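Take a look at the structure below.
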Amino acid sequence: MPIEALNVPLRSRVRRVASDRPWVWITLGWRDMMAHRAISLSLGAALALFGWVLSLLLFELGAPWAILPATAGFFILAPLLATPLYEVSRRAELGETVTLHQAMQAFRPQIAMMGVLLLIIHLFWVRVAGLLFALFFGGVALPSLAQLPMAMLQSEALLPFLVTGTGIGCLLAAGSFALAAVSLPMLVDRDIAWLEAVTISLQAVMENSRAMALWAGLIVLFTGLALVPFFLGLVVVLPLVGHATWHAYRDLVVR
């Protein structure tokens, strides 16, 4: 069960790790995923299925432009969606067995507060993406849905649209990463306030800037590759990164 927060200064709760430590987290995450394949891959498959449904829904609503920013939201919401995987790794560390039902019980009120925060960031990003689309492409008549992708590729506005959108998206994703890097697995493990967990997460990122930059880069790389085959890669990448995030938390935060 969760343990109480430690009454020690913030700085003393954070460890410094080697800059290449994320490779160890990936290795340990793979071990946990293989040891709990049924649960881990089921959660990954559920996320891939959600991606398909979301894309089809946006097509039906006539908003295919929103697929890209909505897909980018995986980078923001993934730490929340991986919450059951933290519980699997936590129980595995204690030598306990775990079922899918027990893993899903990891969602608690404090985690819901973090979910609201990340969801607000995601919705803000989708809104910004819509405004950017209107700014760069709103002055011309849009072609039919079938012709829209090719028309955008041939448009002179595509490059500045992508550069601007990517820049803003990266800033929001970086902020979300710093907020959730260790806060969500910490909320699964401990009975503390979400704001305290966020503060410790920010401190952990700042104290280990090189290691966390590598970790963020690996997450972006793995997730980006997972999205290319129409979300299929998420079946493996979500549980791999989720389990690895638990081990990142265990390395970075003093228990």
Side-chain angles (χ1 to χ4, degrees), residues 22 47-48 50-82 114-181 183-184 198 201-202 205-206 209-210 212-234 237-238 241 245:
L47 183 57
F50 174 77
W52 297 337
V53 172
L54 177 62
S55 297
L56 291 173
L57 179 62
L58 290 174
F59 266 113
E60 289 296 324
L61 293 175
W65 61 266
I67 293 177
L68 183 59
T71 299
F74 281 114
F75 294 100
I76 297 174
L77 296 176
L80 174 67
L81 300 174
M114 277 296 301
V116 170
L117 176 62
L118 294 175
L119 183 60
I120 289 173
I121 295 174
H122 176 53
L123 293 177
F124 175 74
W125 160 236
V126 172
R127 181 59 176 168
V128 168
L131 292 175
L132 288 176
F133 184 84
L135 176 65
F136 286 100
F137 299 101
V140 296
L142 293 178
S144 66
L145 187 60
Q147 297 174 332
L148 181 60
M150 185 57 65
M152 289 184 64
L153 288 174
Q154 296 174 343
S155 172
E156 294 181 356
L158 179 62
L159 182 58
F161 169 71
L162 291 177
V163 170
T164 305
T166 301
I168 296 175
C170 286
L171 289 176
L172 290 174
S176 301
F177 172 78
L179 293 173
S183 59
L184 283 164
V198 165
S201 183
L202 292 171
V205 171
M206 290 188 292
S209 56
R210 291 185 178 181
M212 298 309 281
L214 174 59
W215 181 222
L218 290 174
I219 292 175
V220 170
L221 175 62
F222 291 157
T223 305
L225 292 175
L227 295 174
V228 171
F230 201 50
F231 307 105
L232 280 174
L234 291 174
V237 169
L238 175 70
V241 173
T245 298

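As the structure is a prediction and not an experimental result, all values here were calculated from the model.
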Nearest non-hydrogen partners of [X] and [Y], listed with the distance:
X: S201; Y: A178; value: OG-O, 2.7 Å
X: I121; Y: S176; value: CG2-OG, 3.4 Å
X: I76; Y: A173; value: CG1-CA, 4.5 Å
X: G51; Y: F231; value: O-CE1, 3.4 Å
X: L225; Y: P229; value: O-CD, 3.1 Å

Is any side-chain heavy atom of [X] closer than 4.5 Å to a side-chain heavy atom of [Y]?
X: L218; Y: V241; result: no
X: L184; Y: L118; result: yes
X: I219; Y: F177; result: yes
X: T164; Y: L132; result: yes
X: L81; Y: F50; result: no

Could you grab the distance from atom [atom1] of [X] to atom [atom2] of [Y], nearest 0.5 Å is fine?
X: I168; Y: L172; atom1: CD1; atom2: CG; result: 7.5 Å
X: L234; Y: T223; atom1: CG; atom2: OG1; result: 7.0 Å
X: L179; Y: M114; atom1: CG; atom2: CE; result: 6.0 Å

Expected output: side-chain W52 to main-chain L232 donor-acceptor under 3.5 Å: no

If you draw a 6.0 Å radius around CZ in F124, do more than 12 non-hydrogen atoms from other residues or ligands fall strictly inside? no

